[in-house]
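First the proteins, then the strands, lettered A, B, ... as listed; each starts at 1. Both backbone and side-chain heavy atoms feed into the values below; hydrogens, waters and symmetry mates do not.
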Amino acid sequence: MTDNPNNNGNGYHRFHIVAERAPDVEKWPSRFNVRVRRSGLAKLIIKELLHYGPRNKDVILSRPCLYGVFSGPVGGFMPRDQHCVGCLRCTTEFPDFVRVSHNPERRKLGDSFFDFRVVDSVTYEAESGLIPVKGAGYRGKFGGEGWDGMWTDMSEIVRPTRDGIHGREFISTVVDIGARPNFLMFDEEGRSVGRTPHVFQIPLPLLFDVLPKSAASERTWRITARAATELGTLAVIPIGAVLQYNLESDHVAPLVRPGEKDALPVLEKAPRLIEMDGWEEGLYRAIHTAFPESLVALRIPFTSGQELLKFARKGIRVFHLTADYHGRDPKGAFVLDLIRRAHKAFVEAGIRQEVTLLGSGGIIHAEHVPKAILCGLDAVALDTAALVALQARFHGECRDRETSRFSLPRKLTLAWGAQRLVNLAASWRDQLLEIMGAMGLREVRRLRGEMGRAMFMEDLEREAFAGVNGYEPGR
Amino acid sequence: MSLADKSVFELIVEKHTANLHAGFRRWSEEMGAPPPALGDYRWTDDLILSTWYQAAHGHPPQDRLEYRVGRSGGGFDVLDFNFLPESQWLPENTEIDLSLPLNRRGDHLEKISIPLPIYGGGMSYGSVSEQVMLSRARNAAHWGTFTSTGEGGYPRSLTEYKDNVITQVATGMFGVREETIQNARIVEFKYAQGAKPGLGGHLLGDKATQTVSEIRESVPWVSLFSPFPFHSVYSVEDHRKHVDWIKQTNPRALVSVKVSTPTDVDMVAVGSYFAGAHIVHLDGSYGGTGAAPEIAKKNIAMPIEFAIPRVHRYLLSEEIRDRVTVMASGGIRTAWDIAKVIALGADGAVIGTSELVAMGCTRCSNCERGRGCPFGLTTTDPLLSQFVQPDWGAERLNNLYTSYATQLKDILRRLGLRSIAELRGRPDLLKYVG
Ligand code: SF4
Ligand code: SF4
């Protein structure tokens, strides 16, 4: 393996993620409840028997459902809710005795931020590795706060072509992690002097973030490590677990907390990236001394631009900025704005090209990845989305990274879990390609911070509704 | 014909069709509450049921159902009209002109005018049934307006209605032939579609039946992804060449250019005009589709409510606003949405989903699944497609258009306007209720 994810050592190879179906291991509540009043159905059968006669059995047995809900051994007397896709044909045909309703149990999946609709999408993506495709137009709210108030641009006429993006043309999703000087310097003999780039590449802008305590186990660490290896990306895993379960690899970034300095020398090999959980001068120096060739990422909650620049001055070039699982900082600001603020701080300081910004928290849907990158991240470290891919259940509101409680299926195996994460990444990458293809961008590095290609509800509404009575911008 | 003379197939079709027709009526008129799982933020249960009602009666429901707005919390749903006090309304018998000229270029081509500011948007053969296409074409012919083929070719049965059918030329060029271009009074270039901007059409393999693929000149049961963009168009100049090609093939036809709503939608509109378009058709991001990646529906390109004012103002500033007709589509659900989008700056609206809803769509999003729409709309399944017979479908659409026309006139009357043209670009007649 070389540092270039498109070069496997034998020359160019095209990055491709192998998705394989990995069906749910835990049976989740059906999306709909189908209730049939038995007396009504019995009456209908008698009526149809009398009308059509027994010779026309096929007419009598022709039921409205195309999806097998009434195709069990006793037909409509015991509907098989789990097959229902909510088309409502049955209830349209038989208003008097068939009722189809949303299953409240299904709607309890996830929490108020990671709501059941997102759970549905992520589950489908993790199961199939495919892009969710549906008929009919958009069904949701018009816009809203955060990610929902943002649209991406498209172009009517530019390349890459859409038929090409999954085929003969290529959109690169490779991102650089590390430090890159703004410019190179050479001496009179043409030798490079001064700082040189210190980067490695990952083939897609997705990493796996450290799991919360309630979901952490040998099995889950192995799952994220294996998925990261298969994808050629990174999983962030506490150094204790890395050592305990022998997980060292090019695709694991050990997370070192203050006080864990002594664990460093136990690592057998220099990791490509080490995450330092919060700033501690001594720890930073210890990491540098132990592994001068490793990149050090500072993991900190999103903070002011000034703070970030302060750490940049201390030498940090990779930042892993975190919001809570609902995408908020302690003051309630949303991750979209937090990313923009961080990105802008580095742009204004003239060093955005020198640093790498990773982000986590509140990025739970495929569409959030391109949006987060447009706002200024280089890559996203997946947190709750990865857990949902593994069919984790939320216990109450899961907001706080330390205390949130998730439970994972009992039948969780390494192979299944890793495949689900690989599938999720495959689906999300393909969706990223759709967005970039529509924008006419050929590489994700050019998407970063490309704010001119983003549209925000506030701005659009202010422009469009100027002149409408009673409209006050920002109200 | 007695029961004994009918085939099982016929009896099955008859049974379900009768049940469905009764169901549309009962749910929209008699049942106390809507079906519990019906509707979403954009198309609420009330909007769906009131569209069923209008399709049956030709006027909006009198009470109970909210037929004007949805609950999406933005766009059309936070706009209302700033009506005059009742004493200043125009009398009920005032003549109100809803007509819309489609050729304002001042060239020698036909001065087509439609009697109401609405026509039907492209829905391709394959994504919808032939019966649905025929229903739409008959209604368009009845009203003297248009419907569009979409990009799936031109079933022979449509030829009878060719004066009211727009031939669409889209990136896949499916079924586009010289004769179908020559048939048309209007040829529409589809550069992009609002529901999947930048992505091209998408017909899943299950719906690419033998007949569909014959018309599309493709391989049966193989999914069809229209390329994006037009591979021969990478500039306004290339687009101009495209238009010239159509003009060579059919020198009589007006040209419509259907585009989506990127950040520079204003430039796109102006470019389209200078390349020869008579109609610039803007398709906003919340429009309908037979199948599209979910990520595209919500996130790519801007909603039509935001695109129209931008384009309208830019065309005004370029002093060409009155030389081009701007049609809006993509999430226009009701007569009120039509009036609002005109007040925001469009000349008229192109509708699609509301026509499907009038013919029984529940907006369940299963169009692409298996045999296609269980209500016989977005399907080419031989049995299911029989549920929508063209006479019945055309009648439903005629009633819907009648209801829309009545409501539009009523809105204008209450604003003190005598023509739909006077409403264009009048945001001051709207009020924000968000
Ligand atoms: S709603 Fe549709 S899918 Fe569900 S049971 Fe009824 S007919 Fe079947
Ligand atoms: S499948 Fe559902 S959404 Fe699609 S046309 Fe039929 S009823 Fe409407």
* What option among A/Ala466, A/Gly53, A/Gly143 has the most heavy-atom pairs under 4.5 Å with chain B? -> A/Ala466

* Greatest number of heavy atom pairs closer than 4.5 Å to chain A - which of B/Thr378, B/Val268, B/Leu79, B/Thr353 -> B/Leu79

* **Engaged part of A/Leu130 at the chain B interface, taking heavy atoms whose separation is under 4.5 Å** => neither

* To do: Supply the atom-to-atom distance B/Leu344 CG to B/Arg310 CZ, rounded to the nearest 0.5 angstrom.
  => 13.5 Å

* Interchain contact, B/Ala22 with chain A, by part (heavy-atom threshold 4.5 Å) -> neither

* **Positions in residues 84-97 of chain A that reach chain B, provided some heavy atom is under 4.5 Å away** => A/Val85, A/Gly86, A/Cys87, A/Leu88, A/Arg89, A/Thr91, A/Thr92, A/Glu93, A/Phe94, A/Pro95, A/Asp96

* Asked: Who wins among A/Gly140, A/Ser121, A/Pro64 for the most heavy-atom pairs under 4.5 Å with chain B?
  -> A/Gly140

* **Between A/Arg99, A/Glu461, A/Arg55, the one whose heavy-atom pairs under 4.5 Å with chain B are most numerous** => A/Glu461

* **Contact origin within B/Asp428 toward chain A - heavy atom pairs under 4.5 Å** => both

* To do: Would you check if B/Val265 and B/Tyr314 make a side-chain contact, meaning some heavy-atom pair closer than 4.5 Å?
  => no

* Asked: Between A/Trp151, A/Tyr67, A/Phe465, which has the largest tally of heavy atom pairs under 4.5 Å with chain B?
  -> A/Trp151

* To do: Report yes if some heavy atom in the side chain of B/Leu384 is under 4.5 Å from a heavy atom in the side chain of A/Leu66; otherwise report no.
  => yes

* Is A/Asp115 salt-bridged to A/Arg117, going by a charged N under 4.0 Å from an acidic O? -> yes

* Would you check if B/Asp77 and B/Arg333 make a side-chain contact, meaning some heavy-atom pair closer than 4.5 Å? => yes

* Is chain A contacted by the side chain of B/Trp27, its backbone, both, or neither, given a heavy-atom distance below 4.5 Å? -> side chain

* To do: Using modelled atom types only, decide if a donor and an acceptor are shared between the side chain of A/Tyr138 and the backbone of A/Lys141 within a distance under 3.5 Å.
  => yes

* Tell me yes or no: between the side chains of B/Asp283 and B/Ser329, is some donor less than 3.5 Å from an acceptor? => yes

* Structure fact -> Pair count under 4.5 Å, heavy atoms only, with chain A: among B/Met302, B/His239, B/Arg426, B/Glu14, highest is B/Met302

* Asked: Mind checking whether B/Tyr286 and A/Phe142 have ring centres under 6.0 Å apart?
  -> yes

* Structure fact -> Honestly, the part of A/Glu48 sitting under 4.5 Å from a heavy atom of chain B is side chain

* In terms of heavy-atom pairs under 4.5 Å, which option from A/Ser101, A/Gly467, A/Ala464 contacts chain B the most? -> A/Ala464

* State, yes or no, whether a side-chain contact exists between B/Arg26 and B/Met31 at a heavy-atom distance under 4.5 Å. => yes

* Contact part of A/His51 toward chain B, heavy-atom cut-off under 4.5 Å: side chain, backbone, both or neither? -> both

* Contacting moiety of B/Val78, where chain A heavy atoms sit under 4.5 Å -> side chain

* Asked: Heavy atoms, side chains only, cut-off 4.5 Å: are A/Arg80 and A/Ser71 in contact?
  -> yes

* **Toward chain A, the part of B/Thr261 with a non-hydrogen atom under 4.5 Å** => backbone

* Greatest number of heavy atom pairs closer than 4.5 Å to chain B - which of A/Lys371, A/His365, A/Glu367 -> A/Glu367

* **Side-chain heavy atoms of A/Phe456 within contact of A/Leu460, under 4.5 Å** => no

* Heavy-atom distance under 4.5 Å to chain B: side chain of A/Asn33, backbone, both or neither? -> neither

* Asked: For B/Pro427, is it the side chain, the backbone, both or neither that has a heavy atom under 4.5 Å from a heavy atom of chain A?
  -> both

* At a heavy-atom separation under 4.5 Å, does A/Asp58 approach chain B through its side chain, its backbone, both, or neither? -> both

* Greatest number of heavy atom pairs closer than 4.5 Å to chain A - which of B/Glu368, B/His21, B/Lys298 -> B/Lys298

* Examine whether an atom of B/Phe9 lies under 4.5 Å from a heavy atom of chain A, and if so say whether it belongs to the side chain, the backbone or both; otherwise answer neither. => neither

* Asked: Quick one: do B/Arg25 and B/Glu29 make a salt bridge, cutoff under 4.0 Å?
  -> no

* Highest number of heavy-atom pairs under 4.5 Å with chain A: which of B/Arg371, B/Arg363, B/Lys431? -> B/Arg363

* Check the pair A/Arg106, A/Asn103 against side-chain hydrogen bond (donor to acceptor under 3.5 Å, both in side chains), reporting the backbone distance first and the verdict last. => CA-CA 5 Å; A/Arg106 177 80 175 206; A/Asn103 183 355; over 6 Å; no

* Less than 4.5 Å apart, any side-chain heavy atom of B/Leu430 and any of A/Tyr471? -> no

* So, A/Glu125 and A/Gln431: side-chain donor and acceptor under 3.5 Å apart, yes or no? -> yes

* Asked: Given A/His102 and A/Arg31, is the side-chain hydrogen bond (donor to acceptor under 3.5 Å, both in side chains) satisfied, shown in steps?
  -> CA-CA 6 Å; A/His102 295 290; A/Arg31 286 171 59 210; over 6 Å; no

* Asked: Which bit of B/Glu305 comes within less than 4.5 Å of chain A, counting heavy atoms only: side chain, backbone, both or neither?
  -> both

* State the CD1-CG distance between A/Ile45 and A/Leu50, to the nearest 0.5 angstrom. => 12.0 Å

* Asked: Given a strict heavy-atom distance threshold of 4.5 Å, which part of B/Phe81 is in contact with chain A: side chain, backbone, both, or neither?
  -> neither

* **Residue pair A/Trp428 / A/Val122, side-chain heavy-atom distance below 4.5 Å** => yes

